[in-house]
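Scroll down for the structure; my scribbles are underneath it.
Letters A, B, ... are given to chains in the order of the sequence lines, protein chains preceding strands, and every chain is numbered from 1.
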Amino acid sequence: MDAGTVTCRLLFFAKARELIGRSEQSVQLPRTINTKELEALLFGELAPELGPIRSSCVIAVGQEYVLPDQQLTLSPGIEVAVIPPLSGG
Amino acid sequence: MDAGTVTCRLLFFAKARELIGRSEQSVQLPRTINTKELEALLFGELAPELGPIRSSCVIAVGQEYVLPDQQLTLSPGIEVAVIPPLSGG
Amino acid sequence: PDDVLLQQILRELDRDLIRIRTDAISVEEATQFVTSPTNGAISLFIGTTRDNFRGKKVMQLEYEAYEEMAAKELHRLCHRIRAKHPSIDRIAIMHRLGVVPVTYASVVIATSSPHRQDAMAATQFAIDELKRTVPIFKKEVYEDGTTSWKENAECCRHSK
Amino acid sequence: PDDVLLQQILRELDRDLIRIRTDAISVEEATQFVTSPTNGAISLFIGTTRDNFRGKKVMQLEYEAYEEMAAKELHRLCHRIRAKHPSIDRIAIMHRLGVVPVTYASVVIATSSPHRQDAMAATQFAIDELKRTVPIFKKEVYEDGTTSWKENAECCRHSK
């Protein structure tokens, strides 16, 4: 394993899960990364199927929503989730 | 029976009922009367025990609140109620 | 105009449940009454007996009502709710009389509508107006046996 | 500051009931949970499945959640409710997952407080914020077999 990367759990919900055909996958991600870079990785290389809904999705890391310009430190096994528009209630 | 008067049911609730010791009595009242005259009759001659709570009570005639300056026409058997401060809920 | 009002009230009767009784109130029954396939929202208010008032321990509340007039005022209130919030579908208002022990419900109001804002606003309006206009009276019974007839802040008697 | 928040949340846990499950929701259980002798008011909101959306017949809703995160967000929401309305005593928030047929409840929120204004405002805030912040997702299933993932108007994704 590359010292600069960690294995993360990539999670998909609702329409994202349907588009991609699975609810979870394992991915190698840089240990430190900012939100824009993470989004570019997710919606570019890792899950291009999500392109059509990219603008309506947000990311949660470690079960917390990330800010648009946040600097993130990923730990091994951390959950990185693609979250489509909320519609609870 | 005086042609100008009708027999009405005078009703008392809550503190008014407790002060006067009964919930209902029969009274002769003028067929036509205004609110101020009716209040003067009720709290003066008919139920002087209610003097202490007069300012906090309102009157309902025929199960409707009367306005302060209303001209009332009483029909035989109509309910005239002394209503202390409301505290439902 | 009174006849027109009466006609409207009669048409609305099957969508309104008004109940003034000494029995314990069933929240479940009020909820069931306002549930319907066209609504997405139900708003409920439940008033319960509190065990204290300004530091005094309250043992129970005792309610009495000018029952026939109270029922009429509640039907009139349902009519006003619908005038103010036309999307309201069902309304249930239940008020208990007699002794209401601590933690038990004295009043339950339930309204339903397609969207939540209307039901929530209607239920709030309903409890505010019930307290202001419906001839129901409560007495607090304290630990030392003394009692006190209450007066709702909403009740506008003194300002007449 | 995160530790302080955690401590506060832990202290509040026994006054909050958070439940995200596929079972049918019991309004009675939520009501019982928030009932206590020191409160005079309970405000409940119930969201139910409607049979129509813009003229299309809806057969059922299907909910899924990011369950662990949704539970955390709901505990965080309870904490925010208490910060905004300190007099709130108990809070119950139950959200159903999976298939929710027409007329059944998908969400129930119950709050209690000594006086009614706080409970009513808290319940309204709670449903508004639940819709805006909690990762739960619903799909409408129509008569013709088509489906549509919904988006809450409160959800602020597009404006990020």
Considering all heavy atoms of both residues, which atom of [X] and which atom of [Y] are nearest to each other, and what is their separation?
| X | Y | answer |
| --- | --- | --- |
| C/Ile136 | C/Ala65 | CG1-CB, 3.9 Å |
| C/Ala119 | C/Ala41 | CB-O, 4.2 Å |
| C/Ala105 | C/Val100 | O-CG1, 3.8 Å |
| D/Ala126 | D/Leu77 | O-CD2, 3.6 Å |
| D/Ala92 | D/Val34 | N-CG1, 3.8 Å |

task = Please state whether the side chain, the backbone, both or neither of C/Pro101 comes within less than 4.5 Å of a heavy atom of chain D.
result = neither
Donor-acceptor pairs between chain C and chain D under 3.5 Å, which ones?
residue: C/Pro37; atom: O; partner: D/Asp51; partner atom: N; Å: 2.8
residue: C/Asn39; atom: O; partner: D/Thr48; partner atom: OG1; Å: 2.9
residue: C/Gly40; atom: O; partner: D/Thr48; partner atom: N; Å: 2.9
residue: C/Ile42; atom: N; partner: D/Ile46; partner atom: O; Å: 2.8
residue: C/Ile42; atom: O; partner: D/Ile46; partner atom: N; Å: 2.8
residue: C/Leu44; atom: N; partner: D/Leu44; partner atom: O; Å: 2.9
residue: C/Leu44; atom: O; partner: D/Leu44; partner atom: N; Å: 2.9
residue: C/Ile46; atom: N; partner: D/Ile42; partner atom: O; Å: 2.8
residue: C/Ile46; atom: O; partner: D/Ile42; partner atom: N; Å: 2.8
residue: C/Thr48; atom: N; partner: D/Gly40; partner atom: O; Å: 2.9
residue: C/Thr48; atom: OG1; partner: D/Asn39; partner atom: O; Å: 2.9
residue: C/Asp51; atom: N; partner: D/Pro37; partner atom: O; Å: 2.8
residue: C/Arg116; atom: NE; partner: D/Asp128; partner atom: OD1; Å: 3.3
residue: C/Arg116; atom: NH1; partner: D/Glu154; partner atom: OE2; Å: 3.1
residue: C/Arg116; atom: NH2; partner: D/Asp128; partner atom: OD1; Å: 2.6
residue: C/Arg116; atom: NH2; partner: D/Glu154; partner atom: OE2; Å: 2.8
residue: C/Asp128; atom: OD1; partner: D/Arg116; partner atom: NE; Å: 3.3
residue: C/Asp128; atom: OD1; partner: D/Arg116; partner atom: NH2; Å: 2.6
residue: C/Glu154; atom: OE2; partner: D/Arg116; partner atom: NH1; Å: 3.1
residue: C/Glu154; atom: OE2; partner: D/Arg116; partner atom: NH2; Å: 2.8

Residue pair D/Leu74 / D/Ile20, side-chain heavy-atom distance below 4.5 Å = yes
query = Can you list every ring-ring contact (aromatic ring centres under 6.0 Å, His included) pair that touches residues 32-53 of chain C, not counting sequence neighbours?
reply = none
query = With chain D, which of C/Pro114, C/Ala110, C/Gly47 has the greatest number of heavy-atom pairs at distances under 4.5 Å?
reply = C/Pro114
